[in-house]
K.L.:
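Structure provided below as structure tokens; questions to follow.
Along the sequence shown, residues carry numbers from 1.
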Amino acid sequence: MLDKRGEEFLNEDEAEEIRGLVKKRWDQDLACPLHVVGRMLNPANQTEGIFRKDKECTTVLKKFLSTHFDRRMVTLPNGRTVKESVVLQDGLTDFFTMRGSFGLAEAIADRELVKAGEMDMVRWWTWHGTDHPALTALACRVLTQAVSAAACERNWAVWDSVHTAKRNRLGSEKCRDLVYVAHNWHVVHNCVMLM
């Protein structure tokens, strides 16, 4: 790898080691099944044949369903009891093949509105997922997950205020305790201010 002046600062082995570390970090922490499920439940990404096109995402989705929904049992309108994951898979099949309420002209037109950012994904699911209430509930929960680092930023700000140049000799346990107290003091203070 070359720096701004064109001089080599990493040889190819070192660069490959760094790439490996980044990939390992991505695979362990950042390639979250929840992100894949969110991508697949986004109506803007709904295309017929997605199961055939993206096998890796489909595998992650199936594993997510079996991990989180195999233990729950659901009674169908006909009185039969099945695993909740089976009910969700039936709904996903209709969603991906655009059958039932997902294949109506209104649903397809609204999907284009979601793509353009003119319609909220949750609203789309609420309007067009009526045939599959369990899948609609899952989609709404997944698609409304907060995507923000604000909590991390607040925590780092508290760490910065606790671990200053004058207090750089504090041990990690003492720092952790001070951050805990400072954070909770802010929470209590903000609650009192709201009353």
K.L.:
Atom CG in Asn45, atom CZ in Phe96: separation rounded to 0.5 Å?
P.N.:
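Between Asn45 CG and Phe96 CZ, I get 9.5 Å after rounding to 0.5 Å.
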K.L.:
For residues Asp90 and Val86, determine if any side-chain heavy atom of one lies less than 4.5 Å from a side-chain heavy atom of the other.
P.N.:
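Heavy-atom side-chain distance check passes, below 4.5 Å.
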K.L.:
Less than 4.5 Å apart, side chain to side chain, heavy atoms only: is that true for Arg141 and Leu138?
P.N.:
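When only atoms from C-beta onward are counted, Leu138 and Arg141 do touch, with a gap below 4.5 Å.
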K.L.:
Do you know which two heavy atoms are closest between Val122 and Cys140, and how far apart they sit?
P.N.:
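Residues Val122 and Cys140, closest heavy atoms: CG1-SG, 3.6 Å.
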K.L.:
Where does the angle between the aromatic ring planes of Phe102 and His132 fall among parallel (under 30°), tilted (30 to 60°) and perpendicular (over 60°)?
P.N.:
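Phe102 and His132: parallel rings.
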K.L.:
So, for Trp127 and Met119, which heavy atoms are closest and what is the spacing to 0.1 Å?
P.N.:
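Closest pair (atom of Trp127, atom of Met119, distance): CD1-CE, 4.4 Å.
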K.L.:
Which heavy atom of Thr136 sits nearest to which heavy atom of Gly129, and what is that distance?
P.N.:
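The pair with the smallest heavy-atom distance is OG1-O, 2.6 Å.
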K.L.:
So which heavy atom on Ala134 is nearest to which on Glu84, and how close?
P.N.:
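So the two residues come closest at CB-OE2, 4.4 Å.
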K.L.:
What distance do Arg19 atom CZ and Glu12 atom CD have between them, rounded to the nearest 0.5 Å?
P.N.:
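One finds 5.0 Å between CZ of Arg19 and CD of Glu12.
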K.L.:
Atom CD1 of Ile18 and atom CD of Glu16: how far apart are they, to the nearest 0.5 Å?
P.N.:
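So the gap between those two atoms works out to 10.0 Å.
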K.L.:
Just wondering, do Leu92 and Leu135 contact through their side chains at under 4.5 Å, heavy atoms?
P.N.:
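Yes. Closest side-chain heavy atoms under 4.5 Å.
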K.L.:
For a quick test of reading the model, state the closest non-hydrogen atom pair linking Trp124 to Ala107 and the distance between them.
P.N.:
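For Trp124 and Ala107, the tightest heavy-atom pair comes out as NE1-O, 3.1 Å.
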K.L.:
Measure the spacing between CG of Asp160 and CD of Glu153 and express it to the nearest 0.5 Å.
P.N.:
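Reported value, rounded in 0.5 Å steps: 10.0 Å.
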K.L.:
Between atom CG of Leu88 and atom NZ of Lys83, what is the distance when rounded to the nearest 0.5 Å?
P.N.:
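That separation rounds to 13.0 Å.
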K.L.:
For His68, check ring-ring contact (aromatic ring centres under 6.0 Å, His included) against everything at least two apart and list the hits.
P.N.:
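Residues passing ring-ring contact (aromatic ring centres under 6.0 Å, His included) with His68: Phe64.
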K.L.:
Counting distance only, does the side-chain N/O of Asn184 pair as donor-acceptor with the main-chain N or O of Tyr180 below 3.5 Å?
P.N.:
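The answer is yes, because a donor-acceptor pair under 3.5 Å joins these two groups.
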K.L.:
Are the side chains of Leu143 and Asp120 in contact, using a 4.5 Å heavy-atom criterion?
P.N.:
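No; the side chains remain at least 4.5 Å from each other.
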K.L.:
If I compare all heavy atoms of Leu41 with all of Ala139, which pair ends up nearest, and what's the gap?
P.N.:
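Heavy-atom minimum between the residues: CD1-CA, 3.8 Å.
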K.L.:
How far does CD of Gln89 sit from OG of Ser66, to the nearest 0.5 angstrom?
P.N.:
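The CD atom of Gln89 sits 8.0 Å away from the OG atom of Ser66.
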K.L.:
Answer yes or no: is there a side-chain heavy-atom contact under 4.5 Å between Met40 and Phe95?
P.N.:
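No, too far: nothing below the 4.5 Å cut-off.
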K.L.:
Is there a chain of hydrophobic side chains (I, L, V, M, F, W, Y, each step under 4.5 Å between heavy atoms) that links Leu34 to Met121?
P.N.:
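Per the 4.5 Å side-chain linkage, Leu34 and Met121 are co-clustered.
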K.L.:
With a sphere of 6.0 Å drawn around CD of Glu112, does it hold more than 12 non-hydrogen atoms of other residues, nucleotides or ligands?
P.N.:
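Yes, CD of Glu112 has more than 12 neighbouring heavy atoms, counting only those of other groups under 6.0 Å.
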